[in-house]
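First, the structure itself, so that you have it in front of you.
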Amino acid sequence: MPIRPEFRPFYRTPEWREARHRILTRAGGQFDLLGNYLGGAHCEQCGKPDRNKVETFSGVMAFLEHQGPAMFWRTVGATWRSWTNTPEDRSIAFRQKLRVIQVVLAVVHLNHTPGDDRDENLKACCQWCHLNLDKSEHRVTRSARKDATRPLLQEAC
Ligand SMILES: [Zn+2]
């Protein structure tokens, strides 16, 4: 998800750069002496390796006791893992349509509040985990923005 213009200033501060450095380090990331991120971090939710290609499939599915959004991934030839980073040896797959994706980690705010850069509020997440964490928030902000563009609703307020 692109960062909305009104939130961009939060991601340009030295505090944010420090927070991002802390969280990516916690996730296994390496930095050079100048503080440039070199890769090596893993999604703190599902374990996907940043900047690597993985096979994946996802969707809303029933799986064991779980019912809802689910995702499985593996580096090619390795064991499948679930969205909770649990090894998954059962042959559930594997009739699913696989995609190969490039993992891109982002550091996300769990409470959706840019500027709240406490470690416990931040998590390094892959694209799928990020979208899934933000799903309910996206639904709320999307409908609010959509309503704001409707002239009849603005006049009624
Ligand atoms: Zn993930």
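Along the sequence shown, the residues carry numbers beginning at 1. Read the numbers this way: they start at 1 and go in the same order the structure lists the ligands and their atoms. Keep in mind that what you see is a predicted model, and the values were worked out from it rather than measured.
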Minimum side-chain heavy-atom gap Arg74-Thr79 below 4.5 Å:
no
Looking just at side-chain N and O atoms, do His112 and Asp134 make a donor-acceptor pair shorter than 3.5 Å?
yes
Short side-chain donor-acceptor distance under 3.5 Å, Tyr37 and Asp32:
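No, Tyr37 and Asp32 have no side-chain donor paired with an acceptor closer than 3.5 Å.
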Beyond-backbone contact of Lys123 with Gln45, side-chain heavy atoms, under 4.5 angstrom: yes
Inspect the contact between Asp50 and Lys48 and indicate whether a charged nitrogen and a carboxylate oxygen are less than 4.0 angstrom apart. no
Protein N/O/S atoms closer than 2.8 Å to the Zn ion (ligand 1), ordered by chain and number, come to Cys43 SG, Cys46 SG, Cys126 SG, Cys129 SG
Inset, instruction - Over 60° means perpendicular and under 30° means parallel, so classify the ring planes of His66 and Trp83, tilted if in between. - result: tilted
